[in-house]
Amino acid sequence: VTFDILVIQLVNGIVSGMILALVASGLTLIFGIMDVVNFAHGELYMLGAYVGVLTLASTGSFWTALLVSCVTVAIIGAVLQILTLRPLLGRDPLTTILATFGLSLVLQNYALWQFGPVPRKIQEPITGHFQFFYLQYPWYRIAIGVLSGAIIGALWLFMKYGKYGIWIRATTQDRVMAEAMGIPVPWVHTGVFAIGAAMAAASGVLFGPLVGVNATMGLDVILRAFIVVVVGGMGNLGGSVAAAIFISLLEAFASIWVSPAQAVIASFVVLILTLLVRPTGLFVPTPK
Amino acid sequence: MKHSHTGFWTGFFLVLAALAVSPFVLPEFWRRFVTEILIWGLFAMSSDLLIGYTGMVSFGHAAFLGLGMYGTAAALLTVRPANLWLAIAYGLVAAGVVSIFVAYFATRLRDIYFAITTLVFAQIFYVIIFTWTDVTGGENGLTFTQPPLSIPGLVNERFTPTTFHWFVLGIVTLSYLVLRRITQSPFGMVLQSIRENEPRTRAIGYAVERYKIVAVVLSGLFAGLAGVLYALQNRFAAPDFVFFTVSGDVVIYNIMGGMGTLVGPIAGAAFFYLLRELFSRFFTEVYLIPVGIIFILMIIFMPQGLLGFLKRPLNR
């Protein structure tokens, strides 16, 4: 193992960690506010990538595609939430995991039916490489890392200072009290689902150039996102980001020695150890 | 209890008789269809012990099924002459060991955390089986020949489709009776009490974790048995059956048929495969679009499933 492989895997790990964090923060946001484990999150990511492919083909602009994809998938997410999750409000949280699982089956097969089994390609908007000592590294990967960080940062600011962000946090803390204060809780739920869906779509478009777009691309991501959300502490935004980077780094380094398919086991082991030592999540403060 | 069981046993023997004569009246395709539904029904029943009776949704049941299949393959490929009972034993041991391992970790968590943990464990076994090509055959899986039906001193002959159907029917019926006995035993009552109110069950003094571990292991063993039967029927073990979509399917059977009834999940499996047959004609390989929509509608409007209305009489 040479030093440059280590450096490259370090940067790779951080970049894919940021993308994973973008998916996982939507997932953890949805979980935190409505106790819904969104099994269909990977499919929203996949739909986002497909909408990106279609828009890119008709407009030619990657950044328009990114924007259109976020808005479209946010609307799709809101509609799906109203149709399937809102009737389940107040039922056992386990029924929502089943409903979103059903959604993921429908969406995945719809994509297969509509777009076929052949993977689509999204062209990278930035093709240059930069020189770091004697290493070559594509600018685009750096750009998606930064952009993901910016989106997550914007979400954090919105949650902290925005009016609707405060509504969201109030609903998370006490649903009944929030309702009594005049916050339209059902619409906050729909809004949060839409935000989570948009973030999934953004990561789908951003990651599309690196992995290729197909109907089952959501499956690969959703499992890792689940691990991240559990390791980071369910409903904890900062924890998810930390866990995403941690796990991606671990997988990046593990894949130096074993195949990438087996490197996944490293993150599984982290999950098991987390559950054994600290089931509430590695990156949350100890409850007093 | 002074309930009359006559109705239940009448229904039981009528259904059993119908299933027993089905190979004679059904055409080849539907005979095989019924045998497969019995196997998937056993798989669904095993999961019902957790979902319906203990209130734990397992999204990793494919691991137990898959290990049952690979255990069978191991026995049939390594031991000569091939022995049916040894194949079953190997399958059960493999599924049992894995389920003890999964149960030990997963039962520390509840609700959705349990669901996610079982899912992740199942994926670990999927990755191991998929990548360990030397032992498991990797993506291609393992193929083997069907062992003869041998009962010492009685018979020793090759399976015909009809005798295999009866063999599966026998095992599934026996499993149903055992599972029914388990759910009605004091142990089963504790499981149901965990489902209804876990903190209170703990407060009464039951070691909830141990009950959960035993429940997961029992469930894993029956799932493994279903895997053994499936492997014997199709003469192969493949990683596709360890993938988590299979775990999702079995949850669908439970919801569609009515969880907490044992019979419901079998009906759910039958309903699912009938829908699949029906919709495959129009949607080919994407039949899951209409089936998924029906599934979601059932969760919202019919949470008890098809046989949920029989919950009380079936559990008496």
Side-chain angles (χ1 to χ4, degrees), chain A residues 31 35-37 39-40 80 83-88 91-114 117 215-216 219 222-227 229-230 234 258-265 267-269 271-276 279-281, chain B residues 51 55-57 59 101-102 104-117 119-128 130-132 138-139 195 243-245 247-249 251-252 254-256 259 279 283-301 303:
Chain A
F31 175 79
D35 285 343
V36 169
V37 173
F39 241 104
L80 291 178
L83 287 181
T84 60
L85 292 176
R86 194 175 277 186
L88 298 175
R91 290 229 212 129
D92 187 338
L94 283 173
T95 57
T96 61
I97 201 174
L98 301 173
T100 54
F101 175 68
L103 275 183
S104 87
L105 289 182
V106 174
L107 293 178
Q108 198 181 316
N109 283 280
Y110 172 75
L112 185 66
W113 186 43
Q114 189 69 41
T216 53
L219 289 182
I222 191 69
L223 204 72
R224 299 172 76 221
F226 276 154
I227 296 173
V229 167
V230 173
M234 283 274 202
V258 295
S259 78
Q262 289 166 327
V264 188
I265 292 180
S267 50
F268 292 155
V269 172
L271 179 83
I272 296 169
L273 292 178
T274 309
L275 293 176
L276 274 184
T280 50
Chain B
I51 300 185
M56 307 194 284
V57 176
F59 259 100
F101 180 73
V102 173
Y104 177 74
F105 294 104
T107 52
R108 289 161 179 255
L109 298 146
R110 294 170 49 193
D111 304 336
I112 35 191
Y113 300 88
F114 177 80
I116 294 178
T117 316
L119 167 60
V120 166
F121 269 110
Q123 283 305 98
I124 296 184
F125 291 107
Y126 174 73
V127 171
I128 293 175
F130 196 84
T131 55
W132 199 5
E139 198 175 351
R195 175 190 69 197
F243 198 60
F244 83 82
T245 47
S247 310
D249 287 349
V251 175
I252 298 181
N254 272 279
I255 303 300
M256 282 184 159
M259 50 191 187
F279 287 120
F283 289 85
T284 60
E285 82 270 34
V286 293
Y287 63 88
L288 276 172
I289 299 176
V291 174
I293 291 172
I294 291 173
F295 173 64
I296 296 171
L297 290 176
M298 287 184 83
I299 293 173
I300 297 174
F301 298 108

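Chain letters run A, B, ... following the sequence lines, proteins first, then strands; residues in each count from 1.
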* With rounding to the nearest 0.5 Å, note down the distance linking OG in Ser104(A) to CG in Leu219(A). => 7.5 Å
* side chain to side chain contact (heavy atoms under 4.5 Å, CB included) assessment of Phe114(B) paired with Val57(B) -> CA-CA 7 Å; Phe114(B) 177 80; Val57(B) 176; 5.8 Å; no
* To do: Using the side chain to side chain contact (heavy atoms under 4.5 Å, CB included) rule, take Leu288(B) and Gln108(A) through it: C-alpha gap first, then chi angles, then the decisive distance, then the call.
  => CA-CA 9 Å; Leu288(B) 276 172; Gln108(A) 198 181 316; over 6 Å; no
* Structure fact -> So, the part of Ile289(B) with a heavy atom under 4.5 Å from chain A: the answer is both
* Asked: Side chain, backbone, both or neither: which part of Phe243(B) has a heavy atom under 4.5 Å from chain A?
  -> side chain
* Structure fact -> OG1 of Thr100(A) to CD1 of Ile222(A), rounded to nearest 0.5 Å, is 8.5 Å
* Is it the backbone or the side chain of Leu107(A) that comes under 4.5 Å from a heavy atom of chain B, or both, or neither? -> neither
* To do: Could you give me the CA-CA distance, side-chain angles and deciding distance for Ile294(B) and Phe279(B), then say whether side chain to side chain contact (heavy atoms under 4.5 Å, CB included) is met?
  => CA-CA 12 Å; Ile294(B) 291 173; Phe279(B) 287 120; 3.8 Å; yes
* To do: Below 4.5 Å from any heavy atom of chain A, which atoms of Ala115(B) appear? Answer side chain, backbone, both or neither.
  => side chain
* **Structural part of Leu98(A) lying under 4.5 Å from a heavy atom of chain B** => both
* Check the pair Leu80(A), Arg86(A) against side chain to side chain contact (heavy atoms under 4.5 Å, CB included), reporting the backbone distance first and the verdict last. => CA-CA 9 Å; Leu80(A) 291 178; Arg86(A) 194 175 277 186; over 6 Å; no
* Output the option from Thr95(A), Val230(A), Thr84(A) having the highest count of non-hydrogen pairs under 4.5 Å with chain B. => Thr84(A)
* Structure fact -> Honestly, the part of Phe121(B) sitting under 4.5 Å from a heavy atom of chain A is side chain
* Asked: Which region of Tyr287(B), side chain (C-beta onward) or backbone (N, CA, C, O), has a non-hydrogen atom less than 4.5 Å from a non-hydrogen atom of chain A, or is it both or neither?
  -> neither
* Asked: Which class fits the ring pair Phe101(A) and Phe59(B): parallel under 30°, tilted 30 to 60°, perpendicular over 60°?
  -> perpendicular
* Heavy-atom proximity to chain A below 4.5 Å, by part of Ile255(B) -> side chain
* To do: Go through the atoms of Ile116(B) and report whether side chain, backbone, both or neither lie under 4.5 Å from a heavy atom of chain A.
  => side chain
* Asked: Is chain A contacted by the side chain of Ile51(B), its backbone, both, or neither, given a heavy-atom distance below 4.5 Å?
  -> neither
* Mind telling me whether Phe125(B) and Phe101(B) have parallel, tilted or perpendicular rings, with 30° and 60° as the class edges? => perpendicular
